[in-house]
Amino acid sequence: MVSSCLAASPNLLLPRQISFPAPNSDPSLPTKPTISSPSHLQQLHALLIKSGSPISSLPFSHIAATCALSSPAAFSYARRLFQRSADSPEIFLWNSHLNTLSSSSSPNDALRLFARLLSSDLLPDTFSCSFALKACSQLPDAILAGKAVHALIFKLGFDPDVFLNNTVVHMYSSHGAVSDARLMFDKMSSRDAVSYNIMIARLTKEGEMELAREMFDLMPERSVRSWTSLIAGYVQWKNPREAVRLFLQMETAGMKPNEVTAVAILSACADLGALDLGKRVHDYARRFQFMKNVRVCNTLVDMYIKCGCVETARKVFDEMSERTVVSWSAMIGGHAIHGQGEDALELFEDMRNAGIRPNPITFVGLLHACSHMGLLEEGRRFFKLMSTDYSIEPEIEHYGCMVDLLSRAGLLDEALGFIRRMPIKPNGVVWGALLGGARVHKRIDVGQEALRQLIHLDPLNDGYFVVLSNIYADAGRFEDAARVRRLMRDKGVKKTPGRSTIAVDGALHEFVAGESDHPRIEEIYKKWDELLVELRGRGYAPDTSVVLLDMEEREKETVLYRHSEKLAVVFGLIGTPPGTTIRIMKNLRVCDDCHSALKLISVVAKREIVVRDRNRFHCFREGLCSCRDYW
DNA sequence: CTAGGGTTAG
């Protein structure tokens, strides 16, 4: 036995009230090949010797891994084996088991082994402690155990070790103890890039982007991971523009993006509809063999979907070597928002045949597909199927989809009954779906009820007031329409202006309804006037009922002609080569008048026009829209 | 033998 003057003491170094799980005290521990008596081990050991096997540390560690957590007798036998291994110090073997266990499915075992190490006559070294901390980081309730290890590290005098200190910072960070992590970070005698990266990652998760940025700017040397963490943070907190800016800076700084960077930046491209950059990242991913990474492909598929290129998305999807539930759900949802309900449903069959289990998000996609295409019975079937066949209980999103499905199909009373019977409290999305259906089917009564609820649930959302006001105006009840607008004004709710963006020659151009500060606005107006003549010739009549302002008919028309999506499309016509697809993004839903106009423009100008609005995609081509006017 | 970043809906 190794003797040491500290031999009896390590347990005393631990704060009294903190205890590690006692060996074998956890009955819920998964049964693993435990060795109940030393004799089994001895047989195994004898076999090794007889077969002339060189007693390397490999069989030793296997023996020890199985018996170290078994009966006390087996444990002490294992220890005797440890001590006889001549070529490496005993602590090395402990550590290698700790390593295995800390990254296993039950990191608790690592803590149990660590506790045994502490009650032995050996002292843990920096490696042992780092494995114990890793285990603590992975266990949801192990922050106290982590603090105990931290105390031990301090008392054993390991505190100048940067590597170990980083593990401590990460342990606190992984439990969301930001201030403890920060305290440790500040106290450390020296810090490296990893120390900063851990803090940046935590701060971005907390949404503290300014602090994260400060750390990033402060750190002496930034690694690919530093850049990637910050970029991913901006993406997560819906600042994709900043993410892209940082990504371009990163390239300038000569850093090489890796798979994780690609995922983050593709996600930003999806948000922005930045197809050009997305394509560039796709090329890059191909060049550096990123395409075998499922997550890269999933995000790429999503990027193409959100940039209006379903076909390309589907091509990437079809060529993937491996597909997870995320891949299938993304593609199903993609077909759905592009109005390809049948493809979505077919893909679900393929998914089942591939043996992939759908999750709640898969069903959001399927229900979306049904509501966008008016597939009433299929929608009802999926809604039932999710709980009966897959025991997935519908969440608020699923209820929202069902209300959308029913009310757009004209079953407004059923939709209302459905809402009243919902086991969870309906939210703004649910009532908003009902309101949308009420507009389509001109049901003033239902619209009024929906708005009554929405005023409480989502009081600052101007869209609802606008819709109800539209319903009134459409029915010729202009007084009521005006009353809703007054109500809106009294409540201090401002109408969100419509904004449409289009990328031309790599630059993003934004048009705001009614505004005229684009450098080529005169050209745009002129082109529109020419176009208008042709449109009228093909039966276009401005539908001024969508204009809620109090003004003369003539003025209303002008307002209508300055809708952001029209301006953007016209700019697309003069700013891009003939025959190329025009891609627009809009912050609100496309209005009825623009919808009819865009259909005609696709014929007159012989262009495909893809519009991503708040809800879905509209692809205008040869006078028709992919939504089949059901939206 | 030890540490850090990522995907689908709303």
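With rounding to whole Å, A:Lys238 atom NZ is found 11 Å from B:dG10 atom P. The CD1-P distance, from A:Ile305 to B:dG10, rounds to 12 Å in whole Å. Here the C1' atom of nucleotide B:dA3 and the CE atom of A:Met184 are 12 Å apart, to the nearest Å. One atom, CG of A:Leu164, and another, P of B:dC1, lie 17 Å apart when rounded to the nearest Å. To the nearest angstrom, P of B:dT2 lies 15 Å from CG of A:Leu133. Atom-to-atom, CG of A:Asp404 to P of B:dA9 comes out at 16 Å; the value is rounded to the nearest Å. B:dG10 atom P lies 13 Å from atom CZ of A:Arg616, rounded to whole Å. At whole-Å resolution of the value, CG in A:Asp159 and P in B:dA3 are 20 Å apart.
The phosphate of B:dA3 has OP1 or OP2 within less than 4.0 Å of a side-chain N or O from A:Lys134. Listed pair A:His368 / B:dG10 meets the phosphate criterion, a side-chain N or O lying under 4.0 Å from OP1 or OP2.
Residue contacts shown for A:Ser229 are limited to sugar-phosphate atoms, with no base heavy atom under 4.0 Å away. Here A:Val429 lies in heavy-atom contact (under 4.0 Å) with sugar-phosphate atoms only. Contacts of A:Ile198 with the nucleic acid, taken as non-hydrogen atoms under 4.0 Å apart, involve only primed sugar atoms and P, OP1 or OP2. Across all strands shown, A:Asn165 has no heavy atoms under 4.0 Å from either base or sugar-phosphate atoms. Residue-level contact check: A:Ser128 touches neither bases nor backbone, having no heavy atom under 4.0 Å from any strand. Within the nucleic acid shown, A:Val224 comes within 4.0 Å of at least one base atom, counting heavy atoms only. Contacts of A:Asn293 with the nucleic acid, taken as non-hydrogen atoms under 4.0 Å apart, include base atoms. Heavy atoms of A:Val294 sit nowhere under 4.0 angstrom from any nucleic acid atom.
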Side-chain donor-acceptor pairs under 3.5 Å in residues 186-193 of chain A, sequence neighbours left out?
{"from": "A:Asp186", "atom 1": "OD1", "to": "A:Arg182", "atom 2": "NE", "distance (Å)": "3.4"}
{"from": "A:Asp186", "atom 1": "OD2", "to": "A:Arg182", "atom 2": "NE", "distance (Å)": "3.3"}
{"from": "A:Arg191", "atom 1": "NH1", "to": "A:Phe185", "atom 2": "O", "distance (Å)": "2.6"}
{"from": "A:Arg191", "atom 1": "NH1", "to": "A:Asp186", "atom 2": "O", "distance (Å)": "3.3"}
{"from": "A:Arg191", "atom 1": "NH1", "to": "A:Met188", "atom 2": "O", "distance (Å)": "3.1"}
{"from": "A:Asp192", "atom 1": "OD1", "to": "A:Asn166", "atom 2": "ND2", "distance (Å)": "3.1"}
{"from": "A:Asp192", "atom 1": "OD1", "to": "A:Val194", "atom 2": "N", "distance (Å)": "3.1"}
{"from": "A:Asp192", "atom 1": "OD1", "to": "A:Ser195", "atom 2": "N", "distance (Å)": "3.1"}
{"from": "A:Asp192", "atom 1": "OD1", "to": "A:Ser195", "atom 2": "OG", "distance (Å)": "2.9"}

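Using a cutoff of 4.0 Å between basic side-chain nitrogens and carboxylate oxygens, A:Arg286 and A:Asp283 are scored as salt-bridged. In this structure, A:Glu251 does not pair ionically with A:Lys256, as no charged nitrogen and carboxylate oxygen lie closer than 4.0 Å. Between A:Glu319 and A:Lys315, at least one side-chain nitrogen of the basic residue sits less than 4.0 Å from a carboxylate oxygen of the acidic one, meeting the salt-bridge criterion. The pair A:Lys238-A:Asp271 counts as a salt bridge, with a side-chain nitrogen and a carboxylate oxygen less than 4.0 angstrom apart.
In this structure, A:Arg357 forms no cation-pi arrangement with A:Tyr390, as its terminal cationic atom is not both closer than 6.0 Å to the ring centre and no more than 45° off the ring axis.
Interface residues of residues 244-265 of chain A facing DNA chain B, ordered by number: A:Asn258, A:Glu259, A:Val260, A:Thr261, A:Val263; criterion, heavy-atom separation under 4.0 Å.
Checking B:dA3, B:dT8, B:dG10 against every side-chain atom of A:Phe163, the shortest atom distance belongs to B:dA3. Here B:dA3 is the nucleotide among B:dT8, B:dT2, B:dA3 with the atom lying nearest to any side-chain atom of A:Asp192. The side chain of A:Ala201 lies closest to B:dG5 when the candidates are B:dC1, B:dA3, B:dG5. For A:Asn298, the listed nucleotide lying nearest its side chain is B:dT7; candidates were B:dG10, B:dT7, B:dA3. Here the side chain of A:Glu397 is nearest to one of B:dT8, B:dA9, B:dA3, namely B:dA9. Nearest to the side-chain atoms of A:Phe131 among the listed nucleotides B:dG6, B:dC1, B:dT7 stands B:dC1.
At least one side-chain heavy atom of A:Leu118 sits under 4.5 Å from a side-chain heavy atom of A:Leu152.
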### Task
Tell me, with the steps shown, if A:Asn165 and A:Asp159 meet side chain to side chain donor-acceptor pair (under 3.5 Å).
CA-CA 7 Å; A:Asn165 286 339; A:Asp159 47 296; over 6 Å; no
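Evaluation of the salt bridge (Lys or Arg N to Asp or Glu O under 4.0 Å) test over residues 396-405 of chain A, restricted to residues two or more places apart or in two chains, returns A:Asp404-A:Arg408.
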